[in-house]
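These numbers come from a predicted model, not from an experiment. Whatever order the structure lists them in is the order used to number ligands and atoms, beginning at 1. For reference, positions follow the sequence shown, starting with 1.
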Amino acid sequence: MISLNIENIRKELPPQVKLVAVSKFHPVESLLEAMEAGQRCFAESRPQEFAAKYETLHGTRGVPREDIEWHFIGHLQTNKLKFVLPYADLVQSVDSLHLLQAIDSWARTASKTVSVLLELHIGAEQTKQGFVEEEVLDILFRASDYSGVRFCGLMGMATNTDDEDAVRADFARISHFMEYLKDLFPELDSFRELSIGMSDDWRIALGYGATMVRIGTAIFGPRQY
Ligand SMILES: *Cc1c(COP(=O)(O)O)cnc(C)c1O
């Protein structure tokens, strides 16, 4: 089932859009099944679960490190950085200045550069994390202060609703802002990823310049919390 789901999604995805398989709450066997279907990029949202899966796949299961690209997409507390930053190829969910500063200082200490997306708050839900536009601008004007961080673009989650117009409005907002930022900061040449679209709205996101879609349920089935 997992491999069929992946094949079907791939048929509809333009080649330049990366399929990020959101494997949170699913067992390592499911990731291995997805790998057999050619899936290489996985995302997790809980720090300890992320580290444990990384260690199992690349340790016990012997999957070569370079075969998988790991993304982190969950809320990250600064006391959990050690579970995520040594392993993640991209942290998509940088949602506060405090977290950004902590990542930068971890990276400098480790002599590494951490690739990040800034999470823009676009949905209607107050509970969702993320920056507003002004905060993103403030950060990017000072991008060179964060020598441990590579700014790779924006991530956003549309309002969780059946109202397609509301979802389109959210995606239009982040998409326009992304274009504005690329024009304003041409020197940030890594800043080009737009991570929008999940199981229920990725087809819509494709119309708004998504370069990555983050799909969990439509690949792995419902999560057992
Ligand atoms: C869980 C999650 C997803 C995937 O959600 P589905 O609806 O299962 O596709 C995508 N993005 C983020 C940030 C998530 O936390």
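- The cationic atom of Arg46 (NZ for Lys, CZ for Arg) lies less than 6.0 Å from the six-membered ring centre of Phe25 and within 45° of the ring axis.
- Close contacts between ligand 1 and Ile215 involve ligand atoms 9 (O) [criterion: under 4.0 Å to a heavy atom].
- A heavy-atom distance below 4.5 Å is not found between the side chains of Phe42 and Glu69.
- Residue Asp200 places no N or O, backbone or side chain, under 3.5 Å from any N or O of ligand 1.
- Heavy atoms of Arg223 come nearer than 4.0 angstrom to ligand 1 in at least one pair.
- In this structure, NE2 on His58 lies 10.0 Å from CD on Glu55, to the nearest 0.5 angstrom.
- Closest heavy-atom approach to atom 14 (C) of ligand 1 among the candidates Lys24, Arg214, Met198, His71: Lys24.
- Each of the atoms 13 (C) of ligand 1 lies under 4.0 Å from some heavy atom of Met157.
- Residue, atom and distance of the protein heavy atom nearest to atom 12 (C) of ligand 1 are Ile73 CD1, 3.5 Å.
- Short contacts between ligand 1 and Ser199, defined as distances under 4.0 Å to a heavy atom of the residue, involve ligand atoms 6 (P), 7 (O), 8 (O), 9 (O).
- Checking each of Leu194, Ile122, Leu117 against Leu154 for a side-chain contact (heavy atoms from CB on, under 4.5 Å) leaves exactly one that passes, namely Leu194.
- For ligand 1, the atoms sitting less than 4.0 Å from at least one non-hydrogen atom of Thr217 are 6 (P), 7 (O), 8 (O), 9 (O), numbered in the order shown with element in parentheses.
- Which parts of ligand 1 touch Gly216 is read off a 4.0 Å heavy-atom cut-off, strictly below it: atoms 4 (C), 6 (P), 8 (O), 9 (O).
- The backbone N or O of Gly74 lies less than 3.5 Å from no partner atom in the side chain of Ser45, so there is not a single donor-acceptor pair.
- Closest approach of Ile204 and Tyr208 over heavy atoms only: O-CD1, 3.2 Å.
- No donor-acceptor pair under 3.5 Å is formed between the side chain of Glu134 and the backbone N or O of Val136.
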